[in-house]
Amino acid sequence: MSLTFDFVQPEPAATDRITLFADVILPLPLPKLYTYRVPYEMNDDVVIGGRVIVQFGAKKTLSCIVAAVHETPPALYQAKYVLEFIDDAPVVTQPQLKLFRWMAEYYMCTLGEVINAALPSALKLSSESRIQLHPAFVRDEPAYPLSEPEEKIVVALSTEDGKAMTFTDVGELLGNTNFHKVIKSLIQKDVIFLFEHLADKYSPKVVKKVRLAHHFVEENVLEGLFQQLAGRPKQLDVLMRYLQKVPVYQNVHANHQGTEKASLTSSPHLSPSAVNTLIKNGVLEQFDVIVSRFPLDDSPEAKMPFTLSEAQLTAQADILKQFTEKDIVLLHGVTGAGKTEIYIELIRKALEGGGQVLYLLPEIALTAQIVTRLMRVFGTRLGVYHSKFSDNERVEVWNGVLSGRFQVVVGVRSAVFLPFDNVSLIIVDEEHESSYKQYDPSPRYNAREVALMMANFQGAKTLLGSATPSVETYYQTRAGRWGLVSLTKRFGEAGLPEIELVDTRKSRDAKKMLNHFTPELMSEMERKLAMQEQVILFQNRRGYSPFINCLDCGWIPKCKNCAVSLSYHKHAHELRCHYCGFHDRMPVECPACGSRNLKTVGFGTEKIEDDLKVMLPQANVQRMDLDTTRAKNSYQQIISDFENQVTNVLVGTQMVTKGLDFANVSLVGIINADSIIHYPDFRAHERAFQMFVQVSGRAGRKGKKGKVIIQTADPAQVIFDKVIRNDYLEFYEYEITQRREYGFPPFMRVIRMTVKHVDQLVAEQAAILLTQELVERLGREAVLGPEAPYIFRIRNFYLQEITIKLDREHTVLKHAKGQIAAAINVVKDQKEFRQARLVADVDPM
DNA sequence: AGCACGCCGACT
DNA sequence: GTCGGCGTGCTC
């Protein structure tokens, strides 16, 4: 408990009673905390970071987090009472609260929004929460005695099969007496479980187990049983196996735990029917046990040792040495240099020191392979936090961190929200990845920056890893503030791939293009496939074609909600908008002129796949993009098919650039490099360089030299030269000069304001006013715009953008954010702009 | 974010 | 004459 009160004086007189107030964080986008009064008799129950239930407004009952407790009554209003206290220990720890406050301030959002993003929804009880009888609960023999109100609920829930009750129902049933306590108690006793109204149907993971019926446990009775079963060899086998698994002779109590039913039926000479007969005859009894979704498998073979190479050892020593002087170190290692092994060693060392470890990875790099590898080393101490996880699994990880069960967590962006309180090492792998930045729902945070702040608050060291570090990060190492360790050799004998530029314009002029393939790429593919080697093709656009065009009247289908053309998806036979999800059937004829001459223009992954199936009929081609990986296990399926060489060619979007380490890939093709380079953004070159180098890294592993072919209409562009020589430093020098000259990060901070309104004119006017207000407060030179972005309408909202550039200095930044907030308020106070949405994105990517 | 209060159109 | 549209203001 984080709060202590001075109750030393014995029996305080009633008039001396302390009145406490709790400032709570509501899970809503409200700018401030709300103060509720704690009932006297509950003074001991307030926990900072614990959940409480309050009435908010006339109707709503919300669960929220206590952020502070004090004795100052609000001057301007009468505080309502806290209705109930749910937790007797914090679910949100003090270090988390501190970090969340920082996030809210830095990313210009409310604490409520941060809390909302942070808490797994199963921790957010709302009036929509419902309860249901636990499937493993047997009414006639409860494991714990039930109180009267508890019994009442059980009866009500038992009347119908699988009946659910809302909190309101429970309240009515019990006459509104502190029913949350009752519910919580029932949950603890595994009598009921809680689920969110619309959330997927929770089913606790249940394992069928069997044990010896209790009257057989005694040794002499057991002997008698053997006699009885003498003529039934199958059943005897099962029994012997059971006694082998559960040493009832040595330890009578072991029988209570029993063993998994599956363990008695799995091996071939044991028959499941014999097990069932034993159960039927009352020799064995079957029972259900709820198990963790993260099994406790601490088998001894788990601790698989491995040895680091000379280069890895040197790098590791260097990192540790730099950590003695610096809190942040960048491990700049070429793809395939073996960074993961170094991470594992460092994690092991950090754990020996008693601290927690957070290992962040981008979504697409967090694969089953890496988790298995980490599991082998860290066993049950490892927690995994992934976006494909169900809410129940998330809560298990959250609680596991709180209880200390998980000391290492490998996870994606949102893992920075977990309740760490003693982190000693944070690893941010692929630190340059833009997927660490959350864009759409607020908080628009960058997990790398949040991780750095968490490390700062908790005195941890941070290791950033990348083959292509972000310019901002590398700048910090150059300035000497952060450490730098480089790994320039690939693990094993694998050399870096040979990169060849192929001029698409030349081929096109010579009429030699085969669909979107140059003859060079085509013949190289054929050659590699003939050698039974695999190919990865990268095309940064999904769908079949980005738009279609009527050859007779020029009609191009556009999205009705967004200012974009609709992409053609051949397989689904649809036209789709990639911004709002609108879709429509592909028309047979032009709706404008009736012509049937509809032509696809441009190409995406689907067309590449389609063409290849015709051009390389002997090859097995698979596509990996958002459309083919939507289903739950499809991503893993595609990867394992490719790994097992079921597929020969993998065509994909950015997904193919990360984390796929396959020894047999000897060719990588980038179909259209130009679309990546020409992007209206100051980070376009950085992103392009990173993408090319990362995807190139997929070619050639384990001693095989790979080849990369980049198709471009303009091979003379400066960036290619640096990609071909894999010269990060040269790229950095070139890029940093540009950044300095044009005043971009790391020299300046960028805050991007977006103004949205359904009416284009109003959006423009609001943006103009906002710009004026910003200029007034921050100066003309700090404010750029307003300007309509390239895609100026999304989901029926017209957009206007304003870019604010600020000095990096902390105090300036803090002051500026106050000024921006003030400017936003001026616009918002204008009643014609009430409907406008003004969004600030700090450090946009 | 919701939800209530409040002032102007198409309906029994 | 009313039911209901969603604009705007508040929630401790």
Side-chain angles (χ1 to χ4, degrees), chain A residues 18-40 42-43 45-86 97 100-101 103-104 107-121 123-129 166-168 196-199 438 440-444 754-759 761-763 765-766 769 795-797 821 824-840:
Chain A
I18 301 168
T19 304
L20 294 179
F21 294 91
D23 294 342
V24 302
I25 308 165
L26 294 159
L28 300 171
L30 295 167
K32 43 183 211 121
L33 301 181
Y34 283 72
T35 305
Y36 285 83
R37 185 170 165 179
V38 178
Y40 296 123
M42 296 297 186
N43 276 6
D45 297 331
V46 217
V47 182
I48 292 184
R51 288 166 301 168
V52 294
I53 293 175
V54 297
Q55 181 93 32
F56 185 65
K59 271 196 126 174
K60 268 180 297 184
T61 310
L62 296 168
S63 76
C64 48
I65 301 287
V66 176
V69 178
H70 55 86
E71 294 177 35
T72 323
L76 301 170
Y77 52 86
Q78 184 71 41
K80 283 186 184 170
Y81 280 100
V82 174
L83 298 179
E84 281 187 49
F85 298 84
I86 302 169
L97 282 175
F100 294 172
R101 281 204 187 90
M103 283 180 77
Y107 291 108
M108 302 183 72
C109 66
T110 68
L111 252 185
E113 286 171 313
V114 179
I115 285 282
N116 228 355
L119 291 190
S121 58
L123 285 178
K124 298 180 226 164
L125 326 170
S126 74
S127 38
E128 285 302 314
S129 296
T166 66
F167 277 27
T168 327
E196 287 293 312
H197 179 41
L198 277 175
Q438 168 147 314
D440 200 16
S442 186
R444 299 175 173 76
T754 306
V755 179
K756 309 181 192 181
H757 198 278
V758 282
D759 186 311
L761 192 65
V762 180
Q765 286 168 339
L769 176 62
R795 292 172 190 270
N796 278 324
F797 277 89
I824 290 172
N825 284 333
V826 169
V827 180
K828 281 250 129 194
D829 283 349
Q830 224 76 18
K831 90 166 183 274
E832 61 267 41
F833 300 140
R834 281 299 310 243
Q835 304 290 68
R837 287 158 182 262
L838 307 182
V839 176

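Heavy atoms only: backbone and side chains are in, while hydrogens, waters and symmetry mates are out. Within every chain, numbering begins at 1; the chains are lettered A, B, ... in the order of the sequence lines, protein sequences first and strands thereafter.
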Inset, instruction - Spell out, as yes or no, whether a donor-acceptor pair under 3.5 Å connects the side chain of Tyr36(A) to the backbone of Gln55(A). - result: yes

Inset, instruction - Tell me whether the OP1 or OP2 atom of dT11(C) has a side-chain N or O from Tyr34(A) closer than 4.0 Å. - result: no

Inset, instruction - Find the distance Glu832(A):CD to dT8(C):P and express it as a whole number of Å. - result: 10 Å

Inset, instruction - State the CZ-CG distance between Arg51(A) and Leu119(A), to the nearest 0.5 angstrom. - result: 8.0 Å

Inset, instruction - Write down the distance between CZ (Phe56(A)) and C1' (dC10(C)), rounded to a whole number of angstrom. - result: 8 Å

Legend entry - Gln55(A) CD to dC12(C) P, straight-line distance once rounded to whole Å: 8 Å

Legend entry - Selected nucleotide, minimal atom distance to Lys831(A) side chain, candidates dC12(C), dA1(B), dT8(C): dT8(C)

Legend entry - Nearest-nucleotide pick for Arg834(A), side chain only, options being dC12(C), dT11(C), dT8(C): dT8(C)

Inset, instruction - To the nearest Å, give me how far apart CD1 (Ile53(A)) and P (dT11(C)) are. - result: 22 Å

Inset, instruction - For Leu30(A) and dG9(C), give me the distance from atom CG to atom C1', rounded to whole Å. - result: 12 Å

Inset, instruction - Would you mind classifying the nucleic acid contact of Leu76(A) as base, sugar-phosphate or nothing, using non-hydrogen atoms under 4.0 angstrom? - result: nothing

Legend entry - Enclosure of Arg37(A) CZ (heavy-atom neighbours >12, cutoff 6.0 Å): yes

Legend entry - Options dA1(B), dC12(C), dT8(C), nucleotide nearest the side-chain atoms of Leu28(A): dA1(B)

Legend entry - Whole-Å gap separating C1' (dC12(C)) and CD1 (Ile25(A)): 15 Å

Inset, instruction - Quickly, which of Leu26(A), Val52(A), Ile53(A) forms a side-chain contact (heavy atoms from CB on, under 4.5 Å) with Leu62(A)? Name it, please. - result: Leu26(A)

Inset, instruction - Take atom NZ of Lys32(A) and atom P of dA1(B), then tell me their distance rounded to the nearest Å. - result: 17 Å

Inset, instruction - In whole angstrom, give the distance that lies between atom CD of Gln830(A) and atom P of dG7(C). - result: 19 Å

